[in-house]
Amino acid sequence: MAWTWRFEKSDGTETEPALQPEEFTTQGDAESWIGEHWKELLEGGAAQVALFEDTTKIYGPMSLQADGA
């Protein structure tokens, strides 16, 4: 089982992230990684992300914009 992020522009089209994550073994590891790197990803052109467990979408799109931005 692998947890991965899909990186998207604000219109939902997939984009290459500024940082390339590995495949994570747990949902918590994937969420911790996005929590540490969201600002760099946003500055690199990703506006939102979706989390997948293997090929199943768990949630998303989730905006990388800070609240009130």
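Residue numbers run from 1 in the order of the sequence given. Values reported hereafter were calculated over all heavy atoms of this structure, with side chains retained and with hydrogens, waters and symmetry mates removed.
Residue Trp5 comes nearest to Leu51 through the heavy atom pair CZ3-CB, 3.5 Å, listed as atom of the first residue, atom of the second, then distance. Smallest separation of non-hydrogen atoms from Ala46 and Leu64: O-CD1, 3.6 Å. Between Phe7 and Val49, the closest heavy-atom pair is CD2-CG1, 3.6 Å. Taking every heavy atom of both residues into account, Leu41 and Pro17 meet most closely at CD2-CB, 3.8 Å. Among all heavy-atom pairs drawn from Gly44 and Ala18, the shortest one is CA-CB, 3.8 Å.
The side chain to side chain donor-acceptor pair (under 3.5 Å) check on Ser10 picks up nothing, with sequence neighbours excluded. By the salt bridge (Lys or Arg N to Asp or Glu O under 4.0 Å) test, Glu22 is found to be paired with no residue, residues two or more places apart in sequence or in another chain being considered. With sequence neighbours left out, the side chain to side chain contact (heavy atoms under 4.5 Å, CB included) criterion links Glu16 to Gln20. Partners of Glu40 according to the side chain to side chain donor-acceptor pair (under 3.5 Å) rule, which considers only residues two or more places apart in sequence or in another chain, are His37.
Hydrophobic clustering (side-chain heavy atoms under 4.5 Å, transitive across Ile, Leu, Val, Met, Phe, Trp, Tyr) groups Ile34 together with Phe24. Transitive grouping of hydrophobic side chains (ILVMFWY, heavy atoms separated by less than 4.5 Å) keeps Met1 and Phe52 in distinct clusters.
Proximity of Thr25 to Trp3: side-chain heavy atoms (C-beta onward) are nowhere separated by under 4.5 Å.
Note that CH2 of Trp38 and CE of Met62 are 11.0 Å apart. Values are rounded to the nearest 0.5 Å.
Residues in residues 48-62 take part in these side chain to side chain donor-acceptor pair (under 3.5 Å) pairs, two or more places apart or across chains: Glu8-Gln48, Glu31-Tyr59.
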